[in-house]
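Working notes, beginning with the structure itself.
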Amino acid sequence: MSDGKANWSWLFIAALLPVLLMVVFDVILGHSFPEETFKRFANALLTSYVLAGILLTGNLFFYAGSRQRPLAPIVGMGIAILAGIAITVLLLSQDELLMEANGSVQAQILHNIVHMLVSAGAMALSATLVIGSMFAAIVSKKPTPLFDEEE
Amino acid sequence: MDSTLGAALLFWLPLLMVALGAWISSSMNNTTIGRSISFIGLAMVMISPWTIPSSDSTAVGQLLLNLLIPVIIMCWGLYGMVFGGHVPVQRLPPSSRWIGLAICITAITGLALMHWSIMTPMWRGEINPYWIVFWPTFLLFTISISSVACVSLLTLGTNRLDSALRLATLGLLTAGLTISAMLIDGAITSAEAFREHLWMASADILGIILGAGSAIIVFTIVIWTYENTQQHPSNTTPPSAEEYEHVAAVIADNIGGGEDE
């Protein structure tokens, strides 16, 4: 029986365990950790940081109307985004550190953006499928009345 | 037209229009204009393989076009599954649940056929480079979040074991597809290549979650710091005798009910 509280450790394990099992299965099949994986991870992290930062700053601007649009948080987020862009460019400029099969830093950045949109799209579609299926599973059962009718 | 300028005008600008349209429709309460901008942008991205064929990024437009039908029928199926159930509003006939389920299975089968049959999304005579990014990411993330959703139903809900088991079927189905793709060669992608892309998909998912999470943490710190610099609002003066009288009159008007009884 549930206690109605989120058990974060269980949720964390539930999120990671299937991925780990797939990776372990792959290792059992004799496949080793590809070197490019670290580059992909770092590129995805930096790109999603910058794009999510821009998205949040945009929302900050749109929703700040009732507070006379204070500039300080927007400037603060602008600096944080610029720092992200600077770190991305700096790391991409170091040969072989984060560069994938692209000829220039600019090409790699554009590739990262498109790659992230595809991955985020795949994640959004799977989230839609799972959330939709979850609602379908919940509403497939007749709701139980909260209180028994008085006889 | 210069290829760089062409890519900027016919691919990147429409891509920005999609984001801008979504922003306008969600933030400025002007949904019609926002959706129109997004739709035009999306349509231009989808036709970009023909409008600017020299750009490598247009493979994404081709992939979007290939995924359009499976995605639409998947959403349609989900709509039938949800609104064919015991919902209080806009309920569809109960048969919609089963029709919706069949449509969803058809959509997932369609995606699987893109891996194992000649329906694989192609681009410039080869496999679309973004399809082998999309497919493992979709499978892996579906397994992961369906597992989270099952645990959530069990820990947060009451008597939700049967719902959790139904949801677990989806996780097991996608896990089965993933293991099959790891063992059986696709029409164009070998099982070994798929396994390599599975590692990349894991790195992508982890990177995106950590990157977006970092941005949210930075955003929280910026807002928290700004709010801390604000002066505390001063206390208001206590109500005057006139204000007390006015409040008493309003209360007297709204309680009692002696005249009606």
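Every heavy atom of this structure was used, including side-chain atoms; hydrogens, water molecules and symmetry mates were not. Proteins get letters first, then strands, A, B, ... in listed order; numbering begins at 1 in each.
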Q.
Evaluate A:H115 against B:D204 for side chain to side chain donor-acceptor pair (under 3.5 Å), listing each step before the verdict.
A. CA-CA 9 Å; A:H115 195 109; B:D204 255 335; 2.8 Å; yes

Q. Between A:L125 and B:M74, does a side chain to side chain contact (heavy atoms under 4.5 Å, CB included) hold up when you go through it step by step?
A. CA-CA 9 Å; A:L125 184 65; B:M74 185 185 282; 4.0 Å; yes

Q | side chain to side chain contact (heavy atoms under 4.5 Å, CB included) evaluation trace for A:M123 with B:I209 | A | CA-CA 10 Å; A:M123 290 163 75; B:I209 290 172; 4.1 Å; yes

Q: Start with the C-alpha distance between B:F194 and A:D26, add both sets of side-chain angles, then the distance that settles side chain to side chain contact (heavy atoms under 4.5 Å, CB included), and finish with yes or no.
A: CA-CA 10 Å; B:F194 179 84; A:D26 190 25; over 6 Å; no

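Residues A:T128 and B:V71 fail the side-chain proximity criterion, which asks for heavy atoms closer than 4.5 Å. Inter-residue side-chain proximity for A:E36 and B:E196 is flagged as unmet; no heavy-atom pair is nearer than 4.5 Å. Put simply, the side chain of A:L117 does not reach to within 4.5 Å of the side chain of B:V60, judged on heavy atoms. Looking at heavy atoms from C-beta onward, B:W12 lies in side-chain contact with A:L110 at the 4.5 angstrom threshold. Two residues are said to be in side-chain contact when any heavy atoms from C-beta on lie closer than 4.5 Å; A:V19 and B:L140 meet this criterion.
The structure places CG of A:L11 at 11.5 Å from SG of B:C150, a figure rounded to the nearest 0.5 Å. In this structure, A:L21 CG and B:T178 OG1 are separated by 11.5 Å, a value rounded to the nearest 0.5 Å. For the atom pair B:L206 CG and A:F41 CZ, the distance stands at 5.0 Å (nearest 0.5 Å). Rounded to the nearest 0.5 angstrom, B:L78 CG and A:S133 OG are separated by 5.5 Å.
Side chains of B:R97 and A:S140: a donor-acceptor N/O pair is absent below 3.5 angstrom, by distance only.
Among A:A42, A:G76, A:A72, A:P73, the residue with the largest count of heavy-atom pairs under 4.5 Å with chain B is A:P73.
In this structure, A:A52 and B:A215 approach most closely via the heavy-atom pair CB-CB, 3.7 Å. Residue B:S214 comes nearest to A:Y49 through the heavy atom pair CB-CD1, 3.8 Å, listed as atom of the first residue, atom of the second, then distance. Considering all non-hydrogen atoms of both residues, B:M81 and A:V139 come closest at O-CG2, 4.4 Å. The two residues A:V130 and B:S146 come nearest to each other via the heavy atoms CG1-CA, 3.8 Å. Scanning all heavy atoms of the two residues, the minimum distance from A:L129 to B:I108 falls at CD2-CD1, 4.0 Å. Of all heavy-atom pairs between B:W23 and A:N59, the closest is NE1-OD1, 3.3 Å.
At a 4.5 Å heavy-atom cutoff, the contact between A:A127 and chain B is made by backbone and side-chain atoms alike. For B:L67, no part lies under 4.5 angstrom from a heavy atom of chain A. Proximity to chain B (any heavy atom under 4.5 Å) is restricted, for A:V27, to the side chain, taken from C-beta onward. With a threshold of 4.5 angstrom between heavy atoms, A:I79 does not approach chain B through any atom at all. Of the two parts of A:I113, only the side chain, counted from C-beta on, holds a non-hydrogen atom closer than 4.5 Å to a non-hydrogen atom of chain B.
Atom CZ of A:F135 has 12 or fewer heavy atoms from other residues, nucleotides or ligands within 6.0 Å. Remark: B:E192 CD is loosely packed, at most 12 non-hydrogen atoms of other residues, nucleotides or ligands lying under 6.0 Å away. Counting heavy-atom neighbours within 6.0 Å of A:Q94 CD, excluding the residue itself, gives a total above 12.
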